[in-house]
Q: 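Have a look at this one before I ask anything.
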Amino acid sequence: APTRSASAVSSSQEISLAEAHERYRLKRPKSATADDEARKVMPGGNTRSVLHFDPFPFRVATAEGPHLVDVDGNQYVDLLGNYTAGLLGHSPTAVRQAVSAALETGFSLGATHPVEIEAARLLTERFPSLEQVRFTNSGTEANLMALALAKHHTGRERILAFRNGYHGGVLAFAPDSSPMNVPHDFVVVPFNDLDATRDAFLANPGEIAAVIVEPVQGGGGCIPAAPGFLAGLRQLCDQSETLLIFDEVMTSRLAPGGAQELMSVLPDLTTLGKYLAGGLTFGAFGGRADLLAAFDPQAGGALSQAGTFNNNILSMTAVVATLTEVLTAEVIRTVNERGDRLRESLNEIFTTHGCRFQATGIGSMVAVHALEPDLELFFHAMLDDGWYLARRGFIALSLEISDELIDGFLAAVQAWASQPH
């Protein structure tokens with residue numbers, strides 16, 4: 001979303017923000033105290049930077065159904081969905097029951113077990129590009145493993161990524177490379193610019209090991225790949241013997257078989273994470289069997305993959321429950337249709353009332369864009385009314401968000417938009 005320089009912020013907006021922050025503080029004295037205590041033992045008062053917002057984030061006491069309740073008793077409808085990891089809700093019954101049963105069998109095994117086979121089978125049957133799969137603890141780890149495999153397979157060092165892409169805390173390009181990034185040899189080009197991508201291949205002949213791309217940029221503002229862009233990447237990669245990696249950590253929720261099914265383009269490798277273990281820690285990478293053979297010692301594979309908790313019984317059990325008991329094709333289609341309706345309705349409201357706002361995305365991934373500080377004022381206005389989304393405008397619908405709740409949120413936005421700003 002575009003931003004405005006500090007000098008361009010009007011005095012009336014500064015006053016409005018100060019008033020919004022004060023209203024927020026007055027309703028949350030216990031969260032304020034908790035934030036003070038947190039800052040003594042954690043820099044910034046948290047251990048997940050994206051959760052911070054001014055003047056301080058509220059602290060959750062309980063979560064049930066579509067609601068969060070903070071330590072001060074304020075209740076919110078959760079439209080954020082834990083940045084897509086909470087697709088099934090805060091405590092999905094099927095997952096909770098399956099994991100509770102697994103706890104009774106022992107959960108620190110240090111050995112292989114049957115449940116990981118079933119989890120892998122379900123994933124390979126669900127996502128078209130997956131012939132084989134390996135597990136990790138997060139989407140970040142999955143992307144690191146996929147890039148390492150691509151470099152090993154091709155014998156090349158260079159990785160092509162896209163501006164504003166986000167592939168984990170050490171693989172972020174929004175808009176520039178993060179100082180936290182791993183030291184790969186990156187070539188970064190604009191997203192949805194096939195000409196710039198082609199030029200990058202021409203400038204680096206035979207040097208690019210992999211192209212890593214989100215079919216819809218999540219952290220970059222829910223920006224979908226333009227028509228023909230992913231197919232163009234597929235062609236460029238084929239021509240240069242470069243591996244194409246789809247980061248579907250977020251976008252696998254957009255169709256029963258992920259964005260690759262929705263957009264009819266198959267990558268060589270796919271990375272997964274977030275919601276697939278029902279909210280528990282999870283990541284995976286997989287793709288063509290000939291590529292994954294690099295991890296098979298019986299096939300002469302030279303790579304090993306460490307990770308104490310890669311196949312932990314709780315996450316593996318949760319994956320099986322998620323895919324067999326909850327996420328049917330109909331359920332996936334319904335939540336994404338609901339997201340499409342939300343996005344289209346938001347844009348109708350913004351247009352009708354002349355708001356300098358826009359909603360983007362596909363399906364259940366939605367982002368509201370605006371100039372600063374307008375977006376922060378909108379965020380606090382929604383919090384005041386009991387609706388929780390990301391400070392940056394990101395929304396990820398969970399299965400708990402009904403059509404009635406969508407209508408309630410749209411009514412809140414309508415009421416806000418009709419006021420002078």
Q: Between Phe309 and Phe282, does the ring pair (Phe, Tyr, Trp, His ring centres under 6.0 Å) criterion hold? Intermediate values first, please.
A: CA-CA 9 Å; Phe309 300 106; Phe282 174 74; over 10 Å; no
Q: Run Phe127 and Thr270 through side-chain contact (heavy atoms from CB on, under 4.5 Å) and show every step you take.
A: CA-CA 9 Å; Phe127 297 103; Thr270 295; 5.6 Å; no
Q: Taking Glu125 first and then Arg121, would you say they form a salt bridge - that is, a charged N and a carboxylate O separated by under 4.0 Å?
A: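 The answer is yes: the pair qualifies as a salt bridge.
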Q: Taking salt bridge (Lys or Arg N to Asp or Glu O under 4.0 Å) as the cut-off, I'd like each qualifying pair that reaches into residues 315-327, sequence neighbours left out, listed once.
A: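 Applying salt bridge (Lys or Arg N to Asp or Glu O under 4.0 Å) to every pair that reaches into residues 315-327, excluding sequence neighbours, yields nothing.
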Q: Looking only at side chains, do Thr84 and Arg253 share a donor and an acceptor under 3.5 Å apart?
A: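 There is no such pair between these side chains.
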Q: Verify the neighbour count for atom NZ of Lys30: are there more than 12 heavy atoms of other residues, nucleotides or ligands below 6.0 Å?
A: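 Open.
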Q: Take Val368 and Leu375 through the test side-chain contact (heavy atoms from CB on, under 4.5 Å) and record every step on the way to the result.
A: CA-CA 8 Å; Val368 176; Leu375 189 55; 4.2 Å; yes
Q: Tell me, please, which residues at least two apart from Phe357 pass ring pair (Phe, Tyr, Trp, His ring centres under 6.0 Å).
A: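 Once residues adjacent in sequence are excluded, the partners of Phe357 under the ring pair (Phe, Tyr, Trp, His ring centres under 6.0 Å) criterion are Phe350, Phe378, Trp416.
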Q: Please determine whether a side-chain nitrogen of the Lys or Arg among Arg158 and Glu207 lies less than 4.0 Å from a carboxylate oxygen of the Asp or Glu.
A: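 Yes, this pair counts.
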Q: More than 12 non-hydrogen atoms from neighbouring residues, nucleotides or ligands closer than 6.0 Å to CD on Gln419, yes or no?
A: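 Result for CD/Gln419: enclosed.
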Q: So does Cys222 get a backbone contact from the side chain of Thr360, meaning a donor-acceptor N/O pair under 3.5 Å?
A: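 Side chain of Thr360 to backbone of Cys222: a pair is present.
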Q: State whether the side chain of Asp374 and the backbone N or O of Ala370 hold a donor-acceptor pair below 3.5 Å, judged by distance alone.
A: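 Pair absent, no side-chain N/O of Asp374 close to backbone of Ala370.
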Q: Does Arg25 come within less than 4.0 Å of Asp54, counting only side-chain N to carboxylate O?
A: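 Between Asp54 and Arg25 there is no salt bridge, as every charged N stays at least 4.0 Å from the carboxylate O atoms.
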Q: Do the side chains of Arg391 and Glu372 get close enough for a salt bridge, i.e. N-O under 4.0 angstrom?
A: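 Salt bridge flag = yes for Glu372 with Arg391.
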Q: Carefully, step by step, assess Gln132 and Arg288 under the rule side-chain contact (heavy atoms from CB on, under 4.5 Å).
A: CA-CA 7 Å; Gln132 291 187 317; Arg288 290 175 10 215; over 6 Å; no
Q: Hey, are Arg234 and Asp238 close enough for a salt bridge, meaning a charged N less than 4.0 Å from a carboxylate O?
A: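 Salt bridge between Arg234 and Asp238, a charged N being under 4.0 Å from a carboxylate O: yes.
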Q: Before we go on, tell me: are the rings of Tyr76 and His67 under 6.0 Å apart, centre to centre?
A: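 That pair fails the under 6.0 Å test.
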Q: Please confirm whether the backbone N or O of Phe246 pairs with a side-chain atom of Gln260, one donor and one acceptor, at under 3.5 Å?
A: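 Judged by distance alone, no pair lies under 3.5 Å.
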Q: Say you draw a straight line from CG of Leu149 to CG of Leu269; how long is it, rounded to the nearest 0.5 Å?
A: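 Leu149 atom CG to Leu269 atom CG measures 5.5 Å (nearest 0.5 Å).
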Q: Does Asp72 pair with Lys27 as a salt bridge, N-O distance under 4.0 Å?
A: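 No.
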Q: Any chance you could lay out the side chain to side chain donor-acceptor pair (under 3.5 Å) test for Glu116 and Asn310, step after step, and finish with the verdict?
A: CA-CA 10 Å; Glu116 64 187 301; Asn310 286 347; over 6 Å; no
Q: Less than 6.0 angstrom from the centroid, inside 45 degrees of the normal: does Arg198 satisfy that with respect to the ring of Phe201?
A: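 Arg198 over Phe201 ring: no.
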Q: I'd like to check Val213 versus Leu230 (side-chain heavy atoms, cut-off strictly below 4.5 Å). Are they in contact?
A: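 Yes, close enough: below the 4.5 Å cut-off.
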Q: Between the main-chain N or O of Val95 and the side-chain N or O of Thr322, is there a donor-acceptor pair closer than 3.5 Å?
A: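 Not confirmed, Thr322 side chain does not pair with Val95 backbone.
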Q: Would you check if the side chain of Asn181 reaches a backbone N or O of Ser177 as a donor-acceptor pair within less than 3.5 Å?
A: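 Side chain of Asn181 to backbone of Ser177, a donor-acceptor pair under 3.5 Å: no, none is there.
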Q: Could you walk me through whether Thr328 and Arg333 pass the side chain to side chain donor-acceptor pair (under 3.5 Å) test, one step at a time?
A: CA-CA 9 Å; Thr328 64; Arg333 281 192 287 268; over 6 Å; no
